[in-house]
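Taking it in order: structure first as structure tokens, then the write-up.
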There are 2 protein chains.
Amino acid sequence: MSSVAPPASDGAAVPGGGALSQAPAFSPLYQQIKGLILHSLQHGEWKPGEAIPSEIDLAARFRVSQGTVRKAIDELAAENLLVRRQGKGTFVATHAEQQVQYRFLRLQPDRGDVHEEGPAQRTILECRRQRASAEVARALALRTGDGVVYVRRVLAFAEVPTILEEIWLPGHAFKGLTAEQMASYQGPTYAMFELDFGVRMVRAEEKLRAVLPDAAQAEGLGVSPATPLLSVERLAYTYNDVPMELRRGLYRTDTHYYRNELN
Amino acid sequence: MSSVAPPASDGAAVPGGGALSQAPAFSPLYQQIKGLILHSLQHGEWKPGEAIPSEIDLAARFRVSQGTVRKAIDELAAENLLVRRQGKGTFVATHAEQQVQYRFLRLQPDRGDVHEEGPAQRTILECRRQRASAEVARALALRTGDGVVYVRRVLAFAEVPTILEEIWLPGHAFKGLTAEQMASYQGPTYAMFELDFGVRMVRAEEKLRAVLPDAAQAEGLGVSPATPLLSVERLAYTYNDVPMELRRGLYRTDTHYYRNELN
DNA sequence: GAGTGGTCTAGACCACGCG
DNA sequence: GCGTGGTCTAGACCACTCA
């Protein structure tokens, strides 16, 4: 069923260059294999946390050598879509059961480390459906007025309220999301999104600014309105660069800092 | 001269497992090759911007197959130490002549893009030798009281002062650095460090916080002391994770934002 | 057309996890 | 001991750059 030609049986491998090819965009075989694996991931052929077929099986299925599927998997693993475990297999990455609890949260405590601090305590302040504003619609690639789920919550570490955030989710993908669900799930929110809605966040972009909170925001975090806060606007994407979540967070940075690595 | 055994001529490749090996730390051949190439980079056998020998030459030199040096180079390229250019060769990465002017600066203008904005205008406020405080010494792996070069400067974009930063450099590696030099060099400061001092910054860690400036800082940026600013503390490393620069910057975030990508 | 990196294959063997 | 991913090799051919 795959569209990859079996080069060996043809006697000559002509990757991406058929007789009718007009656009000279050369695409190596392993990229095509990568695309096929990605397609299977998107369509749920293998679920988060499950093992995908072995390299040998995939090589047979796509009629290519093991080395070629290897290179495809290497790239998907580098993008954190797959996880290789020697001796066991290759697994679909998941936000649950991941050693690092919050993969996208860069906030670190000034003293002690993130493990002593333990998981965040969540308080849901609000959770309701609303219509997308022009701004939210643009970010999520919706039309103004489309249904979105809006959540407002506070995250506390060691009983200290540290993050106040607003979340917007496309209504069509998150039908029936309740405050209960947001509050009661043990573990990362993104793990719950995978389990209950089949939406897997793959990467995100953040824009950071220093701001002063308004009165309501200051109260939500229990700080004075003169306390500068780190504003973090996050756009999270699923497969194929489809935006699936907009978040606006205010982080306290008197007890924590935002850590970044530059390469 | 290399310490890599020629497996082919021995009839059996036993990577990392000699007769005397006691610590079972298995290290694949390509990792050893990577180490050898890294060593040559550190010791200036090939300078930033220059081409290194071809894969075939390196394979002959280290007595391994081309595929093995390929994998070593792949990793070094992924770490931004080398740059591959098909048809031309593999080059030592450099902060000069790099398409992205400032590789470590994540600040983006709110309107327009970074290219229209052009290069930063630098104003050196101070540049002198001093003794390392306990804090600076700890960051740079020096002893308290060791000589360091201290620089204070303002960066402006489109004539608007945007970044106020302090820089500490180990005195032993930056002997003779002058304010003139800091001001007059065209291009990234890190490119000047490579050319004039042979110090190449390879990666960095940043800690971000929202802060309010003191009176002097506010004046330096031409903002009110009530303007929240993004505090960015950066530790930059050369090869082998040796810290070579501490920077403390205050970024205006009313006209710019700090961009980050999460994977 | 020569030289460089990039792709693809086929096969051998090694390290790891688990029953 | 088997199956998985990981390493290493040798050789063929392709795409790109430049003289």
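Numbered from 1 within each chain, the chains take letters A, B, ... in sequence-line order.
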- Could you tell me whether A:Tyr102 and A:Tyr190 have their ring centroids closer than 6.0 angstrom? no
- Message: What's A:Arg85 touching, base or sugar-phosphate or nothing? Going by heavy atoms closer than 4.0 Å.
- Response: sugar-phosphate
Please give, in whole Å, the distance from [N] [atom2] to [X] [atom1]?
X       : N      : atom1 : atom2 : result
B:Asp57 : C:dA2  : CG    : P     : 17 Å
A:Arg63 : C:dA10 : CZ    : C1'   : 17 Å
B:Phe91 : D:dC16 : CZ    : C1'   : 13 Å
B:Lys71 : C:dC14 : NZ    : P     : 18 Å
B:Gln32 : D:dT7  : CD    : C1'   : 12 Å
B:Lys34 : D:dG6  : NZ    : C1'   : 15 Å
B:Ile56 : D:dT9  : CD1   : P     : 15 Å
B:Gln66 : D:dA12 : CD    : P     : 13 Å

- Message: Does any part of the side chain of B:Met182, heavy atoms only, come nearer than 4.5 Å to the side chain of B:Val149, both counted from C-beta?
- Response: no
Looking at [X], does any N or O in its side chain come under 4.0 Å of the phosphate oxygens OP1/OP2 on [N]?
X       : N      : value
A:Thr90 : D:dG5  : yes
B:Thr68 : D:dT9  : yes
A:Lys88 : C:dC18 : yes
B:Arg70 : C:dG6  : yes

- Query: Judged by modelled atom types alone, do A:Arg153 and A:Thr189 share a side-chain donor-acceptor pair under 3.5 Å?
  - Reply: yes
- Message: Please check: side-chain N/O of A:Glu194 versus main-chain N/O of A:His95, any donor-acceptor pairing under 3.5 Å?
- Response: yes
Nearest-neighbour nucleotide for the [X] side chain, [options] considered:
X       : options              : answer
B:Pro28 : D:dC8, C:dA15, C:dC8 : D:dC8
A:Phe26 : D:dA15, C:dT9, D:dG6 : D:dA15
A:Glu55 : C:dC8, D:dG6, D:dT7  : D:dG6
B:Ser54 : C:dG5, D:dC8, C:dT9  : C:dG5

- Note: for A:Ser65 and A:Gly87 on DNA chain C, the residue whose nearest nucleotide lies more 5' is A:Ser65
- When A:Gly67 and A:Gln86 are each assigned the nearest nucleotide of DNA chain C, the 5'-most assignment goes to A:Gly67
- Atom of A:Gln32, atom of A:Ser27 and distance for their closest heavy-atom approach: NE2-O, 3.2 Å
